[in-house]
Amino acid sequence: MDLFIYLFAALFSVLNPIGTVPIFVGLTQDDSQKERSRISLWTAINVFIILMVSFLIGKYVLTFFGISIDALRIAGGLIIVNSGFSLLSGKFNKKRGINKKIENDAQHRNDIALTPLAIPMLAGPGSISLLIAFYQEHHQMEEIIISSLAILAIAVVIFIILKSAHYLARILGASGIVAISRIVGFIVISIGIQYIVSSIINIVKGNLM
């Protein structure tokens, strides 16, 4: 039980689903309630799959491609910084440059559920590196089952929070959401820069030692 609570709390802090609420509201403001629920569900499913893959085979995938954790964090940090600037300026593009008219709404919404919502805003380099390191210390069958349940619980919480995002927005109001978006954007930029700085420091220390 302690392992479950520890991993759940750690993932909740790193993923920060509460901070994703303004982003979700902005991206789905023109969608119906049914469509928002669908996006919430697919986002939670995508996060669960990404976290489970990271937990079980993340170490081997990185080793196969010769990618270090620090390189992963730097790449993710750059993506997060870019997303943060978009939030801060209020120019977060839902289509991300895709203007093909042949793409239907369902395809478009599934794309949003995967990126930017599931990754990198939720399941980013922080959670991926956390799970890869966690697996190295807890890889017994019982520990894997407990960890998987903790990841599933996080996915359920993400679904509930995103499904309720517009209700929270109504309470806060338009100005409140805008203000939160700007604040979250600044925090997201800081998180991305912290990933990059920490990784560069680790690389420099590793080369010097």
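Predicted, not measured: the structure shown is a model, and the values here were computed from it.
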Minimum heavy-atom separation for [X] and [Y], please, with both atom names.
X	Y	result
Pro17	Phe12	CG-CE1, 3.5 Å
Ser164	Ile160	OG-O, 2.9 Å
Ser199	Ile74	CB-CG1, 3.4 Å
Asn46	Ala118	CB-CB, 3.6 Å
Ala155	Ala44	O-CB, 3.3 Å
Leu3	Ser147	CD2-OG, 4.2 Å

Could you walk me through whether Phe55 and Leu51 satisfy the side chain to side chain contact (heavy atoms under 4.5 Å, CB included) test, starting with their C-alpha distance in whole Å, then the side-chain angles of each, then the deciding distance to 0.1 Å, before giving a yes or no?
CA-CA 6 Å; Phe55 178 63; Leu51 294 183; over 6 Å; no

Could you check Thr20 against Thr43 for side chain to side chain contact (heavy atoms under 4.5 Å, CB included), going step by step and ending with a plain yes or no?
CA-CA 11 Å; Thr20 312; Thr43 300; over 6 Å; no

Does the Ser32 side chain pair with the main chain of Glu35, one donor and one acceptor, at a distance under 3.5 Å?
yes

Tell me if a side-chain donor or acceptor on Ser68 pairs with a main-chain N or O of Ala71 at a distance below 3.5 Å.
yes

Should Phe24 and Tyr167 be regarded as members of a common hydrophobic cluster, given that ILVMFWY residues are connected when their side-chain heavy atoms come within less than 4.5 Å of each other, either directly or indirectly?
no

Mind checking side chain to side chain donor-acceptor pair (under 3.5 Å) for Thr63 and listing every partner two or more places apart, or none if nothing turns up?
none

Counterpart residues, side chain to side chain donor-acceptor pair (under 3.5 Å), relative to Glu143 (two or more places apart)
none

For Ile144 and Leu56: C-alpha separation, side-chain torsions, deciding distance, then whether side chain to side chain contact (heavy atoms under 4.5 Å, CB included) applies.
CA-CA 9 Å; Ile144 292 176; Leu56 296 175; 4.1 Å; yes

I'd like to know whether Leu131 forms a side chain to side chain contact (heavy atoms under 4.5 Å, CB included) with Ile151, so could you lay out the CA-CA distance, the side-chain angles of the two residues, the decisive distance to 0.1 Å, and finally the verdict.
CA-CA 10 Å; Leu131 288 172; Ile151 295 174; 4.2 Å; yes

Nearest 0.5 Å, please: how far is [atom2] in [Y] from [atom1] in [X]?
X	Y	atom1	atom2	answer
Ile119	Ser54	CD1	OG	7.5 Å
Leu117	Thr28	CG	OG1	8.0 Å
Ser40	Arg38	OG	CZ	11.5 Å
Leu15	Ile161	CG	CD1	10.0 Å
Asp70	Asn202	CG	CG	4.5 Å
Arg36	Leu162	CZ	CG	12.5 Å

Tell me if the OH atom of Tyr135 is crowded by more than 12 foreign heavy atoms within 6.0 Å.
yes

Mark yes when over 12 heavy atoms from residues, nucleotides or ligands other than Gln33 sit less than 6.0 Å from its CD; otherwise mark no.
yes

Parallel, tilted or perpendicular, as decided by the 30° and 60° cut-offs, for the rings of His138 and Phe134:
parallel

